[in-house]
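Note that ligands are numbered from 1 as they come in the structure, with each ligand's atoms numbered from 1 the same way. Predicted model only: the values in this text are computed from it and were never measured.
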Amino acid sequence: MHCVQVRSYAKINWSLRITGKRPDGFHDLETVFQTISLHDDLTFTPADRTTLTCDDPTIPTDDTNLVLRAARAVNAAPVAIELRKRIPAGGGLGGGSSNAAATLMALGNGDLRDIALHLGSDVPFFLLGGTAYATGRGEVLTPLPPMTGIPLLLVLPEEGVLTKDAFARITRYSPPLGLAAYRDFANFTNDFEEPVFATLPRLRELKERLLENGAFYASMSGSGSTLFGAFVNAESRDAAAAGFTDVRFEKAETI
Ligand code: C5P
């Protein structure tokens, strides 16, 4: 094997309903995933043993990192893995899950879906990418017509949300709407918003500011804390960005 370089793209959830609690402790979801242009870079170079290095010192590079767990899960020949991180950790953008899927695809072969789900609920989606409707834990996937090129503004608050804690705050479940309902943005929602906004009210203000600044749709992604706004064109997205001098943001687009 030669040196292999791959991009590992982030996702947003256009919509996310939590439809029930399962006997295995996980929750059933109904969500619409969307790959976006924001990405990390992964490089795999043959080596004597498998190692991981990362340019972001806050990311653990030990065996808890999903990249190493993915490499071990496919029994790959030893590789030195370099991770260049741009997707913020703990933001609901699926960075760790995307890195895991990219590693499975670079080093593994055959049907990787079961290994992917074992690594995390969002990992199977990243094997597919694009726009997809998902149920179960997020692994029962149906591709949807592509929604490429939609300009996004990602607002990245300092406040982090732990996915496990966000699920623990869910007390009511939403009935699933069915795939056909997601042709209409009016049906999009995120069931994590209410419980997360209740403890972090600034996130609600940031979402409202995206709408006031011209987004045709705004939502939290996953369990947060990232808020995203979707815009009709790049000019209106860029104009809206000027209203966010007090918080980190990234420009991106759907792919
Ligand atoms: O699958 P993943 O490791 O990303 O999940 C992290 C935690 O989030 C799980 O341990 C579980 O508490 C919660 N979770 C859940 N239902 C899902 C996905 C995650 O309850 N569908």
- Report yes or no: do L93 and Y217 belong to one cluster of Ile/Leu/Val/Met/Phe/Trp/Tyr joined by side chain heavy-atom distances under 4.5 Å? yes
- Heavy atoms of other groups near D114 CG, more than 12 under 6.0 Å: no
Any protein N or O within less than 3.5 Å of an N or O in ligand 1? List each pair with its distance, or say none.
from     : atom 1 : to   : atom 2 : distance (Å)
ligand 1 : 1 (O)  : S121 : N      : 2.9
ligand 1 : 1 (O)  : S121 : OG     : 2.6
ligand 1 : 10 (O) : K164 : NZ     : 3.4
ligand 1 : 16 (N) : H27  : N      : 2.8
ligand 1 : 20 (O) : H27  : N      : 3.3
ligand 1 : 20 (O) : H27  : ND1    : 2.7
ligand 1 : 21 (N) : H27  : O      : 2.9

- Item | Heavy-atom closest contact (P175 atom, R17 atom, distance) | O-NH2, 2.7 Å
- Item | Flag, side chain of T50 to backbone of V79, donor-acceptor distance under 3.5 Å | yes
- Could you tell me whether a side-chain N or O of E30 sits under 3.5 Å from a main-chain N or O of T19, the two making a donor and an acceptor? no
- Parallel, tilted or perpendicular: ring planes of F185 versus F216, cut at 30 and 60 degrees: perpendicular
